[in-house]
Amino acid sequence: MAAAGLWRRTGRLLEMAPARGGWPRLYSTSPAFADVLRLPQKQLTKIVYPLRELAQYLVTDTGPGLLEQRLFDPSLEDIARAESVFEATARNRVEYLSSAVRLDHAPSLQQPEVCFIGRSNVGKSSLIKALFSLAPDVEVRVSKKPGHTKKMNFFKVGKYFTLVDMPGYGYRAPEDFVDMVEAYLKERKNLKRTFLLVDSVIGITKVDNIAIEMCEEFALPYVMVLTKIDKSSKGYLLKQVLQIQKFVNTQTQGCFPQLFPISAVTYSGVHLLKCFIADITGNLK
Ligand code: GDP
């Protein structure tokens, strides 16, 4: 299996004492997971388990374990195994497949699918790019202008699953959203999970609420991903996360109760999210 080499390397690294010294630099390219494993414990936790790191700052009167309900809490070994699913090799082709403006133009595929939805500018392209950092040939457009993604873009991740980048909603894109996203979410048979991105700096907006209501109405299993966590102070981020967590606990049915905070700049939370995707698509055996 392709993971064997990586696993051997990772296994060795796990036995090594963590490297001394500070965070070498803010990652702007993919940190291989092996490099992450070399980090001192505190920094490793921050990059791999951002929610766990954040929970340390909770004062006890915030309520019983609001952030402690970690349903998905894989080991570093599991996370290392999941990396190989996303790593492009001769035997594991990770590639852009096609784009579609309507559901009936979407490729007919058997393998499990996950999709990413979110308001324009929420950081969707940046996150998808980060997820594909071990497949540098995959081109994911990251635009400076809001609202550029007007199509559903399909990416094949080997024999494992398909990832779909949906058009951003909110800014100049309501028609696309209704025509494409709604039909897709409602009818796509092999859709395993929807990842709904919310900007952690801004919180849940009116347009995010429309998307949440849609997921709820269609009884979709979905997951809330909080983007751009590198932009806030720890205190502000904690406040936002607690607020959104409370919303998820009290106002939603279909949302996975664990939030996934991420940064496409520092890669914080990205490895964990990859592991979650590998798991829910049945590829983390
Ligand atoms: P999309 O419209 O949802 O695809 O959003 P993009 O990925 O194009 O990102 C919108 C803007 O937010 C761009 O200027 C990105 O550089 C920035 N951005 C995206 N993700 C992050 C992040 O994790 N941290 C920070 N600081 N900026 C981000």
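Note that ligands are numbered from 1 as they come in the structure, with each ligand's atoms numbered from 1 the same way.
Annotation: Ser126 places an N or O atom under 3.5 Å from an N or O atom of ligand 1; distance criterion only. Every N/O-N/O distance between Ile229 and ligand 1 stays at or above 3.5 Å. No N or O atom of Thr227 sits closer than 3.5 Å to an N or O atom of ligand 1. Looking at ligand 1, you'll find an N or O of Ala264 within less than 3.5 Å of one of its N or O atoms.
Around atom NZ of Lys42, no more than 12 heavy atoms belonging to other residues, nucleotides or ligands sit under 6.0 Å away. Within 6.0 Å of NZ on Lys186 lie no more than 12 heavy atoms contributed by other residues, nucleotides or ligands. More than 12 heavy atoms of other residues, nucleotides or ligands lie within 6.0 Å of NZ in Lys156, so this atom counts as buried by the packing criterion.
Between His271 and Phe33, the ring planes are tilted. Angles from 30° to 60° get that label. Using the six-membered ring where Trp is involved, Phe155 and Tyr96 have ring planes that are perpendicular, over 60° apart on the 30 and 60° scheme.
For the side-chain contact (heavy atoms from CB on, under 4.5 Å) with Val248, the lone residue among Ile212, Leu259, Val223 that qualifies is Leu259.
In this structure, Gly168 has no heavy atom closer than 4.0 Å to ligand 1.
For an aromatic pair to be called close, the ring centres must be under 6.0 Å apart, and Phe276 with Phe256 satisfies this.
Listed by atom number, the atoms of ligand 1 under 4.0 Å from Ser263 heavy atoms are 23 (O). Interface of Val265 with ligand 1, defined as ligand atoms under 4.0 Å from a residue heavy atom, comprises 22 (C), 23 (O), 24 (N), 25 (C), 26 (N).
If you look at Lys231 next to ligand 1, the close heavy atoms, those under 4.0 Å, all belong to the side chain. Contacts of Asp230 with ligand 1, taken as heavy-atom pairs under 4.0 Å, involve the side chain alone.
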